Amino acid sequence: MDLPQLPGKIGIFDSGYGGLTIFRKIRSLLPQYDYLYLGDNARAPYGVRSFDVVYEFTRQAVLSLFREGCHLVILACNTASAKALRSIQQIDLPQWDVNRRLLGIIRPTIETIDSYTDSKHVGLLGTVGTVRSGSYEIEIGKLFPDLKITSEACPMWVPLVENNEFDKPGADYFVEKHIHALLARDPEIDALVLACTHYPMLLPKIRRYTPDHISIVEQGDLVAYSLKDYLLRHPEIEKKCTKGGSMLFYTTEAEDKFEEMASFFWDEPKEIRRIQLT
Ligand code: DGL
C-alpha cells in the first residue's frame, strides 16, 4: 500500500472524546511531538458493538491516520484495544506497511497494577465490550496470577460523557449503581481500575461513591510514561515522529460539538476538522 513515507504526527484514536483524557497526559509529558487525534464521535459508543464492527471501525480509523502520515498510532480506547488491536497488528499491518506501529493501552495499564493493592483484590470498570472480552483478566493473569479481578460493565457511562451529561446530577444514579454492584460482588477490592478512557470525566462522582481506602487507577499517566519509554527504546520509530508541538483534531461528528468537549482539556484555539471514515 502506498502510504506517506516522510516523518509525521503521532496518531491517537478513540471512539469519541474519552481518548482526550489519555492525550492530555501524553501531551503534557511529551509536548515536543506533533499529534493528530481522531474521535469517531458519529459512531460512538463502541462498547456495545460486536467484535466484527469494532474491528472494522477501528481498522478504518487507524488506516486513515496512517494515510495522514502517522507512523505510530495509539489506540486510546480500551474497547478497540481489546477487540481490534491484535487483529490489526497481525492481519492488516503486514499488508499496509510492516514498518508502521500500533499500540494499545491495556498492557501499560496493568504493568504496575500490583502496586495499587494490598488485598490482591482488584475491581475493574469498563464497557460491555472490554469486560466481555476478558482481555484485562488474561493480561493480568499473565503478569500477576495471584490477583483476583472482578469486572463490572457500565453501559451508560460512555453515553453520559458523549452527551455532555457527565457532571450533571442524573449521572450520579448510574455511577453509584455500578460501584455498589461491583463492591457487593467483592467487598475486599482495594484498587479500582478505570478501564475505559471516558471514565476519568466522571471521576468526581466515582470518587464520591467509592470508599476512601480504595485506590482509583487512571490510565492517562500510565500510558504516557509507557509511550515515553517506548520511544526511547525504539529510535527507528521516534525519528519518524515530527516535533513541532502541534495538535490537530479529526472528528466524524460536527466540529463545534468537538470543540465544546475539547475545551475542557485545552483553552488554546484548536484546529478541528470533520472527516468521514469508510
Ligand atoms: N473510550 C473507550 C474505551 O476506553 C470506548 C468507549 C465506547 O465507545 O464505548 O473503552
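Each ligand, and each atom within it, is numbered from 1 in the order the structure gives. Only a predicted model underlies this, so the values are computations on that prediction, with no experimental measurement involved.
For ligand 1 and Pro45, the ligand atoms under 4.0 Å from any heavy atom of the residue are 7 (C), 8 (O), 9 (O). The ligand atoms of ligand 1 that sit less than 4.0 angstrom from a heavy atom of Thr79 are 3 (C), 5 (C), 10 (O).
In this structure, Phe174 has its ring center at least 6.0 angstrom away from the ring center of Trp157.
At a heavy-atom distance under 4.0 Å, no atom of Val48 approaches ligand 1. Within the 4.0 Å heavy-atom criterion, the part of Thr127 lying near ligand 1 is the side chain and not the backbone. Residue contacts with ligand 1, taken as heavy atom pairs separated by less than 4.0 Å, involve Cys196 via backbone and side-chain atoms alike. Of the heavy atoms in Val158, only side-chain atoms (C-beta onward) come closer than 4.0 Å to ligand 1.
With distances taken over non-hydrogen atoms, the option nearest atom 1 (N) of ligand 1 out of His198, Arg49, Lys83, Arg43 is His198.
The shortest N or O to N or O distance between Gly47 and ligand 1 is under 3.5 Å.
The two residues Gly126 and Cys196 make their nearest non-hydrogen contact at CA-CB, 4.4 Å.
Judged by the 6.0 Å distance and 45° axis criteria, Arg24 is not positioned over the aromatic ring of Phe265.
Side-chain contact between Gln95 and Ile91 is present, with at least one heavy-atom pair separated by less than 4.5 Å.
Using a non-hydrogen distance threshold of 4.0 Å, Cys77 registers as a contact of ligand 1.
Side-chain N/O atoms of Thr79 and Thr127 include a donor and acceptor closer than 3.5 Å.
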